[in-house]
Amino acid sequence: MDVTSPVRSRDARTGAVRDLDVVETTPESLDDVARRAATAAAALAAWPRDRKAALLEALADALDADRDALVAEADRETALGPDRLGGELTRTAYQLRTFARVVLDGGYLEATIDHAGPTPMGPRPDLRRMLVPLGPVAVYAASNFPFAFSVLGGDTASALAAGNPVVVKAHPGHPATSERVARLAERAVAATGAPEGTFALVHGFDAGVALVSHPAIRAAGFTGSLAGGRALADAAAARPAPIPFYGELSSINPVLVTPSAAREKADEYGAGLAASVLQGGGQFCTKPGLVLVPAGADGDRVVEAFGRAIGGAPALPALTAGMADAYERGLTARAAEAVVRARSGDPGAGTAGSGTPGSETAGPAPSSTTPALLEVDAGALTADLVEECFGPLAVVVRYADETEAVGVVGHVEGSLTASILTAGATDLDLPDARAALAARAGRVLYDGYPTGVAVAWAQHHGGPWPSTNTLHTSVGATAIRRFLRPLAWQQAPEHALPPELRDGAPVVPVRIDGELVLPTA
């Protein structure tokens, strides 16, 4: 790799390109970063929980303090708009603070003590067990959430909360935003006294490929395409010492509209589905891409309302030119296999910016995508129509009865979500189709839309393959579990035990001789 290869940032609205004051990470630099993370791992793992929580709070405070500049930079690179990005930044800081509370609570450690004593199988030794950090974690930033799933997003927050150093691979769609977040993160890490090597950012495709194979890395988190995630997962598995790779990959997020819902709420649900498809330019991992609507006049009204909103929508900005091209290819291929029920106006070409001499140059015209709605009868459904197309496209499948609805669900692969739109609590239509949907999703929604993932203890953002390759969630408190491993101590002296496993008043929830004991206030 040419060590002088600059990292370039592109203005999503004007196409102007500017070189950043940073170059793509060389193999030598990557090795240095990974080794420093490995050196930091033992010291960070030994930190008491209150110090880990303080680090997470400091990172959240740093984001809040730089809010205006961060939102402006992210808007320049993504064109997602200051309102959307401001809300996302709020979520990202909240997520860090949530994990600070998770750390202080201590329940995530699964602390367990079995004292020595007699059993029907003979004497039992003293056994104590809890979860401990894995070691340095590689995080691959996502394109569609430049804050919440990027440099200080959920993967980084949960890995740091678990007590692991983190090396983030920046997404090329928002490198300037990534650099700004990384610089404030480095300052917060230093201010809290965390070991050198606790956090680092790397750039470049080659660095990303090499990172997952570096022997210092002990786990990886990824949000992105199925092809990219599969390649990295294969590399993680092919190492001399394989590591866990937690990937969020591809999801079509099916929606079932019941006959009663179509009869009573056609306009409401048609408009709501369109808004969910269009949100963020259709570039959410939870975008509803396949909608089952009953055949007949009631279903026609749902599709008409859906189509009016899609057809009246403007062209939407794509996160990258490559994504825009992939979307248009996917739309063209699928339109050949279904009826084009609605399509908005052609994307505007835009005007490339003239740039600032010495710092910016005119780039290609901004990339847009054309919202579209396709329709097909259940009996004509093809494999292409049940695959994710990343962008503002949805496919409506018309079913005649429950047997056909169940048959359609049978063609759907694992998804992050499945949604059921009903006429209300008394709507018991299609029980078999509902059960079939639940078997293919990590989160089942009733009378709502899947775009939007709350940061909460009960959240699960995952699902059967190919939505993820893991049983774990990447959002919510239990996301921390990915970056921990169990360790048991047998007959250990008290000084060799972590504070959470010592005798006396418990400092975290701990199961002692089979009984759950909570700490006192």
Side-chain angles (χ1 to χ4, degrees), residues 1-12 15 17-37 73-74 77-78 136-146 149-153 155-156 166-182 199-217 219-239 243 245-250 283 285 318-327 329 361 363-364 367 390 466 469:
M1 179 188 296
D2 181 0
V3 297
T4 63
S5 298
V7 174
R8 293 186 168 92
S9 172
R10 176 177 175 270
D11 189 306
V17 176
R18 81 175 192 265
D19 290 348
L20 303 182
D21 188 23
V22 62
V23 297
E24 293 189 352
T25 306
T26 64
E28 295 78 15
S29 295
L30 179 68
D31 183 63
D32 180 61
V33 163
R35 291 183 183 278
R36 283 191 281 114
E73 186 65 86
E77 290 190 305
T78 67
V137 173
V139 169
Y140 291 81
S143 62
N144 53 345
F145 287 89
F149 284 82
S150 190
V151 176
L152 286 180
D155 286 347
T156 300
V166 173
V167 180
V168 179
K169 159 60 175 66
H171 194 279
H174 48 264
T177 305
S178 299
E179 274 294 306
R180 190 171 188 96
V181 173
F199 171 86
L201 182 72
V202 299
H203 291 272
F205 178 85
D206 291 342
V209 172
L211 180 60
V212 77
S213 299
H214 196 284
I217 299 300
F222 172 89
T223 301
S225 70
L226 177 59
R230 186 63 182 266
L232 290 172
D234 290 346
R239 293 167 41 131
I243 61 171
F245 180 89
Y246 301 110
E248 182 195 316
L249 307 171
S250 175
Q283 297 168 124
C285 52
L319 291 164
T320 69
M323 290 178 185
D325 291 342
Y327 171 79
R329 290 195 301 271
T361 58
S367 302
F390 195 66
N469 67 334

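Between V202 and V33, the shortest heavy-atom contact is CG1-CG1, 4.4 Å. Closest approach of L232 to G208, counting heavy atoms only: CD2-O, 3.9 Å. Annotation for P466 and L249: closest pair O-CB, 3.2 Å, computed over non-hydrogen atoms. The two atoms that bring L201 and S178 nearest to each other are CD2-O, 3.7 Å, heavy atoms only. Closest heavy-atom contact between N469 and A233: ND2-CB, 4.2 Å. Nearest approach of G229 to F245, heavy atoms of both residues: O-CE2, 3.5 Å.
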With a cut-off of 3.5 Å and sequence neighbours excluded, list every side-chain donor-acceptor pair involving residues 169-177.
from, atom 1, to, atom 2, distance (Å)
H171, ND1, G173, N, 2.8
H174, NE2, S150, OG, 3.0
T177, OG1, A74, N, 3.4
T177, OG1, E77, OE1, 2.7

task: Report the C-alpha separation of F199 and V168 in whole Å, then their side-chain angles, then the decisive distance to 0.1 Å, and conclude whether the side-chain contact (heavy atoms from CB on, under 4.5 Å) test is met.
output: CA-CA 8 Å; F199 171 86; V168 179; 3.9 Å; yes

M323 and S143: CA distance, side-chain angles, deciding distance, side-chain contact (heavy atoms from CB on, under 4.5 Å) verdict: CA-CA 10 Å; M323 290 178 185; S143 62; 2.9 Å; yes

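Taking 4.5 Å as the limit, every side-chain heavy atom of V23 sits out of range of all side-chain heavy atoms of V7. The shortest side-chain heavy-atom distance between V22 and E179 falls under the 4.5 Å cut-off.
Side-chain atoms of R10 never come within 3.5 Å of backbone atoms of T320 as a donor-acceptor pair (strictly under, hydrogens ignored). The backbone N or O of L319 lies less than 3.5 Å from a partner atom in the side chain of Q283, making a donor-acceptor pair. Side chain of T156 to main chain of V151: a donor-acceptor pair is present (N/O by atom type, distance under 3.5 Å, no hydrogens or angles). Side-chain atoms of T223 do not come within 3.5 Å of backbone N or O of A142 as any donor-acceptor pair.
Electrostatic pairing of R329 and D325 does not count as a salt bridge here, judged by no charged N lying under 4.0 Å from a carboxylate O.
Within the model, atoms CZ of R36 and CG of D31 stand 10.5 Å from one another, a figure rounded to the nearest 0.5 Å. For the atom pair NE2 of H203 and CD of E24, the computed distance is 9.0 Å after rounding to the nearest 0.5 Å. Distance check: L211 CG to I217 CD1 gives 4.5 Å after rounding to the nearest 0.5 Å. Annotation: the span from F149 atom CZ to N144 atom CG amounts to 7.5 Å, rounded to 0.5 Å. Within the model, atoms CD of E248 and CG of D155 stand 8.5 Å from one another, a figure rounded to the nearest 0.5 Å.
Under the salt bridge (Lys or Arg N to Asp or Glu O under 4.0 Å) criterion, R8 pairs with D19, sequence neighbours left out.
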